[in-house]
Amino acid sequence: MKLKKSKLLMPGKEPKIEIFFSASEVKNKYKDATLLPKWKAFQTVIFREPDEGFSNSDKVAAFDFDGCLANTSVKRIGADAWSLLYPTIPGNLQSLYNDRYKLVIFTNESNIER
């Protein structure tokens with residue numbers, strides 16, 4: 001079993017975090033949800049595999065999902081449990097992606113599986 005090594009790099013600094021994992025630890029499901037093609041889960045992290053020809057970038061744009069990108073409700077379940085905070089968000093995220101930013105979206109919602 002071949003191990004992959006990932007490092008979190010900070011510009012001008014030595015790597016601070018090293019994560020070792022095997023391909024068998026990467027799943028196509030997160031809790032009870034089956035992920036869309038190219039989306040994978042490793043422990044509590046959900047990520048998308050890079051597309052062919054995707055080049056690496058040092059630019060990162062990170063956002064908190066609830067309260068920054070979306071209004072959320074812990075009382076509701078499913079697609080109606082959240083709504084975009086602003087209608088311009090999809091276009092702005094697409095623009096960042098087109099400008100070669102890595103997009104990272106965080107959440108601490110306890111009911112994310114719903």
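Nothing fancy with the numbering, it's 1 onward along the sequence.
Side-chain contact check for Leu69 versus Leu85: every heavy-atom pair is 4.5 Å or farther apart. Here the side chains of Leu35 and Lys29 are not in contact, with every heavy-atom distance at 4.5 Å or above. A heavy-atom distance below 4.5 Å is not found between the side chains of Tyr101 and Val60. Under the 4.5 Å side-chain criterion, counting only non-hydrogen atoms from C-beta, Phe47 is in contact with Val26. Put simply, the side chain of Leu96 does not reach to within 4.5 Å of the side chain of Asn92, judged on heavy atoms.
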Pair Lys27-Phe42, side chain to side chain contact (heavy atoms under 4.5 Å, CB included): steps then yes or no: CA-CA 6 Å; Lys27 308 291 182 196; Phe42 172 69; over 6 Å; no
Criterion side chain to side chain contact (heavy atoms under 4.5 Å, CB included) on Phe63 and Val104, from CA distance to verdict: CA-CA 6 Å; Phe63 306 93; Val104 179; over 6 Å; no
Residues Ile46, Lys40; criterion side chain to side chain contact (heavy atoms under 4.5 Å, CB included); working and verdict: CA-CA 6 Å; Ile46 300 172; Lys40 304 293 180 199; over 6 Å; no
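Taking each heavy atom of Thr72 and Phe65 in turn, the nearest pair found is CG2-CE2, 3.8 Å. Closest heavy-atom contact between Ile89 and Leu84: CG2-CD2, 4.2 Å.
The distance from atom NZ of Lys102 to atom NZ of Lys59, rounded to the nearest 0.5 Å, is 11.5 Å. Once rounded to the nearest 0.5 Å, the distance linking CG of Asp66 with CG of Asn71 reads 10.0 Å.
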